[in-house]
J.: 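Sharing a structure, written as structure tokens. Questions coming.
In what follows, every chain begins at residue 1, and chains take the letters A, B, ... in the order their sequences are listed.
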Amino acid sequence: MKLFSKYNRILILISFLGLIVIGTLFYQMLIFYLNRQLDHDLVEEATEVKEYSTGGKFYSPHEFEDLIVQYHRIKSTRSYSIYGDTLFYNPVKRRNEHARFLRAEMELNGLPYQILVIASKMEKQEQIKNICLIILLPVCLLLIVVLLVNRLLLKKIWDPFGQLLQNITDFNINHEKPYKSVEMPVAEFRQLNQVLVDLSGKVKSDYEEIKLFTENASHEMMTPLAVINSRLDNMLQSNNLDTREGEILAELYRATSKLTRLNQSLLLLVKIDHNLLQEQQEIDLRTLLKEKTLYFQELVQQRNITMELNLSPAVIRANRQLIEVLINNLFSNAIRHNYEKGRIEVYLDAGQLVFANTGHNQALDAAKIFDRFYKDSTSDGTGLGLAILKQICARQYYRLNYDYLNDLHTFTITFKP
Amino acid sequence: MKILIVEDELSLQKSINEYLSGLGNTCSAAGSYAQALERLDLYHYDCILLDLGLGDGEGLQLLSYLKRTKRAEGVIIISARNSLDDKLIGLGLGADDYLTKPFHLSELNARILAIVRRKSAQGEHKIAFREISIDLDAKEVKVSGELVHMTKKEFDLLLYFLANKGKVISKSAAVEHIWGDDADMADSFDFIYTHIRNIRKKLMDAGSGDYFQTVYGVGYRFISE
């Protein structure tokens with residue numbers, strides 16, 4: 001739920017409940033005071049009856065007073081008085097009305113009487129209703145206004161926050177453009193924005209530093225590797241090596257060469273990340289693919305792999321070095337993970353380039369194969385080939401897809417997604 | 001041939017020295033700009049190997065010096081940096097070739113030979129070994145005058161072995177020579193075996209002797225004489 005709706009929902013609920021509770025209390029309070037006042041009137045009425053009776057007459061109220069006094073002869077008087085609510089028939093208005101009564105016993109002209117004084121509540125009740133309405137209506141109106149203002153105000157205050165969220169979403173560590181700061185009228189948001197500016201700057205500089213570190217580390221490793229390589233080359237010239245030592249040398253060569261390739265791949269990734277290979281030119285992909293097919297033909301023939309080329313003319317504008325690496329990697333990949341007497345299909349048209357090959361594995365996990373250092377345990381590669389592929393495609397804004405179709409591992413590159 | 005090795009990593013300097021001397025070259029070594037200048041004042045060389053990563057940008061300084069003084073020596077840059085910019089700057093300043101660390105000594109030697117050959121006035125564009133003769137311009141191999149047909153990779157490989165006569169070339173060096181920087185296929189050593197077998201067969205079918213030797217399964221050697 002959005003903060004806005006959540007806040008509004010709670011506000012409305014509390015206002016409504018509050019209104020009911022306070023309204024009820026208010027009403028009860030008024031009723032209480034009304035009864036007290038009526039009771040007071042009744043007592044006064046009773047006193048008047050008593051005073052009136054000294055003249056030997058029974059008091060009888062006027063018709064318009066909505067008041068009734070009844071007298072009953074009794075044997076003797078006890079001293080009590082009872083108040084209560086009742087219904088009585090108003091003979092003037094000819095209807096039943098809510099009323100308050102007082103029952104008391106007293107001696108009138110020396111004789112014991114029980115008197116009952118009943119006073120109508122009707123008019124007072126009307127008054128209360130009106131009072132309640134007069135007070136509650138403006139309160140409700142006020143509530144609605146507050147809710148509306150809230151809605152507008154919140155929208156206005158939170159608007160920059162939405163912009164800020166959008167900017168965070170747009171922020172990409174790999175792009176040159178920094179986090180875009182937002183003008184914030186609210187202090188807390190301004191602080192948040194400042195924190196984000198600082199944080200994104202720090203993240204970016206840290207990331208740059210890591211890339212630089214990778215680059216430097218890789219470069220620094222090249223000279224020791226050169227020492228190892230050259231020492232091995234010299235050692236190999238010794239005339240008194242036996243087979244076992246020969247095997248050890250072969251293994252050392254293998255390891256050194258793998259380490260070298262790993263280093264070169266890391267450096268290439270850094271270079272692509274840094275966007276160092278920017279120079280663009282027109283590339284005739286069909287010609288390039290034909291050249292590369294010749295270049296790789298010995299490897300293909302040696303494993304008796306069938307090559308099927310289906311190439312339409314296609315010219316793209318891109319960095320030549322990147323595209324060559326791209327195609328080399330696609331070829332290497334299709335050959336390396338193939339089996340004896342397997343098949344490679346290459347399809348090219350103006351919109352896409354497709355490499356499909358048979359392989360030992362079943363369908364691979366498309367979400368993982370482009371990760372750095374993801375490879376199956378039997379592979380002797382660096383585990384960076386597909387990561388480089390992905391990086392190049394990202395840099396050139398191509399779409400790269402992996403599918404497993406008709407028992408073929410299929411890599412599709414769409415030039416203009 | 002006389003070769004000057006300018007390299008501050010002493011271990012590498014020694015290896016290069018050892019390998020090239022073993023092929024009958026005369027090598028001297030310098031570990032700094034000053035040392036290199038001293039040598040260059042006194043002697044002339046056929047080729048200079050220059051580590052571009054020499055301290056304080058001295059590598060580039062030396063390169064400018066060589067260009068300024070119009071020295072005739074061929075220069076091969078050795079660098080740990082495989083960047084196109086460095087390569088272009090280096091070649092722009094008059095270097096003849098650019099080799100990225102790590103490299104195989106056999107590769108270095110082949111490059112030296114290629115440059116010296118290119119630089120020599122007469123243009124020694126033919127190589128001969130006993131009954132085998134190679135025309136570098138026409139990219140032709142002949143055995144006792146009879147043309148032997150070879151693929152481009154086989155031709156390159158034969159030339160590579162001839163340049164390093166008598167030295168064992170490891171399979172990994174051969175693979176890297178053929179595939180260069182694109183060698184993410186460098187783990188497929190088997191195909192070097194196929195290539196060598198083909199070259200050998202073609203040469204022997206044309207009547208040459210068998211000059212390739214297999215060495216402990218690590219590599220191959222083209223016999224010296």
Side-chain angles (χ1 to χ4, degrees), chain A residues 218-234 236-238 241-247 249-250 253-254 256-261 263-265 267-268 271 276-277 279 294-299 301-303 321 324-325 328-329 331-333 335-336 380-382 384-385, chain B residues 7-16 18-19 22 51 53 78-85 99-108 151-154 166-173 175-176 178-179 181-191 193-195 198 215-219 221:
Chain A
S218 299
H219 275 141
E220 288 304 317
M221 268 181 250
M222 290 307 193
T223 302
L225 274 172
V227 173
I228 296 175
N229 233 350
S230 61
R231 285 299 187 189
L232 286 175
D233 284 343
N234 275 326
L236 193 58
Q237 311 310 328
S238 158
L241 291 176
D242 60 22
T243 322
R244 197 178 132 56
E245 284 162 337
E247 277 167 14
L249 273 182
Y253 266 121
R254 236 173 235 272
T256 315
S257 125
K258 190 164 175 179
L259 195 55
T260 306
R261 269 182 297 129
N263 243 346
Q264 282 164 347
S265 300
L267 280 170
L268 182 63
K271 245 189 249 177
L276 289 179
L277 305 163
E279 199 188 328
L294 277 181
Y295 185 71
F296 284 100
Q297 67 174 350
E298 286 95 349
L299 287 170
Q301 282 162 4
Q302 196 194 320
R303 304 188 65 182
Q321 204 185 338
E324 287 205 14
V325 173
N328 280 338
N329 278 10
F331 263 112
S332 314
N333 200 54
I335 297 169
R336 187 199 303 271
D380 205 19
T382 55
L384 288 174
Chain B
E7 163 67 61
D8 55 356
E9 176 66 44
L10 288 182
S11 189
L12 187 59
Q13 189 196 82
K14 247 161 72 185
S15 290
I16 296 173
E18 195 179 313
Y19 189 88
D51 178 10
I78 308 166
S79 171
R81 293 199 169 253
N82 179 17
S83 103
L84 198 62
D85 284 346
L99 198 56
T100 311
K101 286 180 189 176
F103 49 82
H104 286 282
L105 296 175
S106 42
E107 181 69 37
L108 176 65
T151 66
K152 184 176 176 302
K153 289 201 186 83
E154 286 164 356
K167 293 283 185 189
V168 184
I169 292 180
S170 66
K171 284 180 189 169
S172 93
V175 167
E176 272 162 46
I178 296 293
W179 295 92
D181 279 348
D182 303 319
D184 203 25
M185 297 311 297
D187 50 335
S188 53
F189 291 111
D190 298 341
F191 106 110
Y193 166 76
T194 316
H195 273 315
N198 287 346
V215 184
Y216 326 115
V218 192
R221 171 167 44 201

J.: Please flag which part of B/Ser11 lies under 4.5 Å from any non-hydrogen atom of chain A: side chain, backbone, both or neither.
T.: both
J.: In terms of heavy-atom pairs under 4.5 Å, which option from B/His195, B/Arg221, B/Gln13 contacts chain A the most?
T.: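 Option with the top pair count is B/His195.
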J.: Among B/Glu18, B/Lys152, B/Glu9, which residue forms the greatest number of heavy-atom pairs with chain A at distances under 4.5 Å?
T.: B/Glu18
J.: Counting only heavy atoms closer than 4.5 Å, note whether B/Ile169 contacts chain A via side chain, backbone, both or neither.
T.: backbone
J.: Do B/Tyr193 and B/Asn198 get their side chains close enough for a donor-acceptor pair, meaning under 3.5 Å?
T.: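 B/Asn198 and B/Tyr193 do not have a side-chain donor-acceptor pair below 3.5 Å.
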J.: Shortest non-hydrogen contact from A/Met222 to B/Lys101?
T.: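 Answer, listing the atom of A/Met222 first, then B/Lys101: SD-O, 3.6 Å.
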J.: Shorter than 4.5 Å, heavy atoms on both sides: which option in A/Thr260, A/Val227, A/Leu241 has the most such pairs with chain B?
T.: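 Option with the top pair count is A/Leu241.
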J.: Is B/His104 close to B/Ser172 at the side-chain level, that is, under 4.5 Å between some pair of heavy atoms?
T.: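 Touching, per the 4.5 Å side-chain cut-off.
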J.: Checking B/Ile78 against chain A: side chain, backbone, both or neither under 4.5 Å from a heavy atom?
T.: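 Looking at B/Ile78, nothing touches chain A.
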J.: I need the minimum non-hydrogen distance between B/Thr194 and A/Gln302, along with the two atoms involved.
T.: OG1-CD, 3.8 Å
J.: Counting only heavy atoms closer than 4.5 Å, note whether B/Lys171 contacts chain A via side chain, backbone, both or neither.
T.: neither
J.: Just wondering, do A/Leu299 and A/Phe331 contact through their side chains at under 4.5 Å, heavy atoms?
T.: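 No, every pair of side-chain atoms sits at 4.5 Å or beyond.
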J.: If we define contacts as heavy-atom pairs under 4.5 Å, which of B/Ala173, B/Ala80, B/Gly217, B/Ser170 has the most with chain A?
T.: B/Ser170
J.: How close do B/Lys153 and A/Tyr295 get, counting heavy atoms only, and between which atoms?
T.: NZ-O, 2.6 Å
J.: In terms of heavy-atom proximity below 4.5 Å to chain B, should A/Leu384 be classed as side chain, backbone, both, or neither?
T.: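 Neither part; nothing is under 4.5 Å.
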J.: Using non-hydrogen atoms only, which part of B/Thr151 is less than 4.5 Å away from chain A: side chain, backbone, both, or neither?
T.: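 Answer is side chain: those atoms of B/Thr151 sit under 4.5 Å from chain A.
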J.: Any idea which heavy atoms bring B/Asp8 and B/Gly53 closest together, and the distance?
T.: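 Heavy-atom minimum between the residues: OD2-O, 4.1 Å.
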J.: How close do A/Gly246 and B/Val218 get, counting heavy atoms only, and between which atoms?
T.: O-CG2, 3.0 Å
J.: Under 4.5 Å from any heavy atom of chain B, what part of A/Asp242 do you find: side chain, backbone, both or neither?
T.: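 Interface part for A/Asp242: backbone (N, CA, C, O).
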